[in-house]
Trainee: 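Dumping the structure here so I can ask a few things about it.
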Amino acid sequence: MGLLVLENDKLGRAGVQQLREAAYQLLSLIPPGKVVSYGDIAKALGVSPRLIGRFMRENENPIIIPCHRVVGSDGRLVGYSLGSGGVGLKRKILELEGVKFCGKKVCRESFYDLLGALGL
DNA sequence: CATCGAACCAACC
DNA sequence: GGTTGGTTCGATG
């Protein structure tokens, strides 16, 4: 099953692009009704959370890249406020997916244990 | 719970 | 070289 490109010590310019692919894979393997935080992906890939955010924003495949399934570490809805109606829409989509909301944030149990799934 | 400041890393100017 | 992000965490009130 070899999958994902982990164990990167140093990343060059090309490495970043590879990271982008890995990030997309991770996002695509997130089950419906679950979400992950930028920090989780960042930790899984060993990069800074900001980098992940940039990947989502500059993503070229919004179809296979459910960026709306990515939320803040606290479960708060972030992003999606630049080009869309706002986090309100995002929340609606997540609710439709089956994600449980705790007031203004996503319930902790709705988080997908990405690190655990990767064996970290 | 809201705000401020600092850290991280790559891209952009 | 310095600033900016779809962030995060810690401290403060």
Side-chain angles (χ1 to χ4, degrees):
Chain A
M1 41 163 247
L3 191 65
L4 285 331
V5 194
L6 264 39
E7 312 198 39
N8 341 329
D9 279 309
K10 266 205 127 182
L11 306 150
R13 294 190 282 254
V16 178
Q17 176 116 11
Q18 203 170 24
L19 240 38
R20 197 184 318 190
E21 265 184 76
Y24 295 161
Q25 301 266 347
L26 260 49
L27 256 63
S28 64
L29 65 79
I30 297 175
K34 299 239 165 176
V35 293
V36 291
S37 62
Y38 294 93
D40 284 358
I41 303 174
K43 211 163 25 169
L45 294 177
V47 296
S48 49
R50 290 227 161 187
L51 209 42
I52 305 300
R54 181 163 317 172
F55 289 157
M56 301 302 120
R57 192 198 185 188
E58 305 222 337
N59 74 57
E60 297 180 355
N61 301 34
I63 312 298
I64 63 172
I65 304 175
C67 26
H68 58 267
R69 270 189 200 154
V70 185
V71 298
S73 58
D74 246 354
R76 57 184 185 181
L77 271 31
V78 285
Y80 251 75
S81 40
L82 301 176
S84 291
V87 296
L89 177 64
K90 184 170 181 173
R91 172 172 172 175
K92 201 151 194 181
I93 299 173
L94 292 174
E95 273 190 347
L96 202 68
E97 297 272 289
V99 176
K100 288 205 243 162
F101 271 84
C102 251
K104 203 173 181 182
K105 294 186 253 190
V106 176
C107 275
R108 209 177 122 84
E109 60 174 62
S110 290
F111 268 69
Y112 176 58
D113 192 356
L114 186 62
L115 302 180
L118 292 177
L120 306 175

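Note on naming: letters A, B, ... go to the chains in the order of the sequence lines (proteins, then strands), and numbering restarts at 1 for each one. Reckoned from all heavy atoms, side chains included, excluding hydrogens, waters and symmetry mates.
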Trainee: Tell me whether A:Lys34 contacts the main-chain N or O of A:Asp113 through its side chain, where contact means a donor paired with an acceptor under 3.5 Å.
Mentor: no
Trainee: Can you name the nearest heavy-atom pair linking A:Val78 to A:Gly72, along with the distance?
Mentor: CG2-N, 3.7 Å
Trainee: How many whole angstroms separate atom CZ of A:Arg50 from atom C1' of B:dA10?
Mentor: 11 Å
Trainee: Roughly, in whole Å, what's the span from CZ in A:Arg57 to C1' in C:dT4?
Mentor: 10 Å
Trainee: Of the nucleotides C:dT8, B:dA11, C:dG6, which has the atom closest to the A:Val16 side chain?
Mentor: B:dA11
Trainee: Would you mind reading off the distance between A:Leu19 atom CG and B:dA10 atom P, rounded to a whole angstrom?
Mentor: 9 Å
Trainee: Starting at OH of A:Tyr38 and ending at P of B:dC9, how long is that distance when rounded to a whole Å?
Mentor: 19 Å
Trainee: How do A:Glu58 and A:Pro49 order along DNA chain B: which one's closest nucleotide is nearer the 5' end?
Mentor: A:Pro49
Trainee: Rounding to an integer number of Å, can you tell me how far A:Leu51 CG sits from B:dA11 P?
Mentor: 7 Å
Trainee: What integer distance in Å separates A:Lys105:NZ from B:dC1:C1'?
Mentor: 8 Å
Trainee: For A:Phe55 and B:dA10, what is the distance between atoms CZ and C1' respectively, to the nearest whole Å?
Mentor: 8 Å
Trainee: Give the nucleotide from the list B:dC8, C:dT8, C:dG6 with an atom nearest to the side chain of A:Asn59.
Mentor: C:dG6
Trainee: How do A:Arg54 and A:Asp74 order along DNA chain C: which one's closest nucleotide is nearer the 5' end?
Mentor: A:Arg54
Trainee: Once you apply a heavy-atom cut-off of 4.0 Å, does A:Lys90 come out as touching a base, just sugar-phosphate, or nothing?
Mentor: base
Trainee: Given the rule that a pair is Watson-Crick or G-U wobble with both distances under 3.5 Å, how would you write DNA chain B in dot-bracket, using | for pairs to a different strand?
Mentor: |||||||.|||||
Trainee: Would you mind reading off the distance between A:Met56 atom CE and C:dG5 atom P, rounded to a whole angstrom?
Mentor: 18 Å
Trainee: Any base atoms under 4.0 Å from A:Arg76, or only sugar-phosphate, or nothing? Heavy atoms, all strands.
Mentor: base
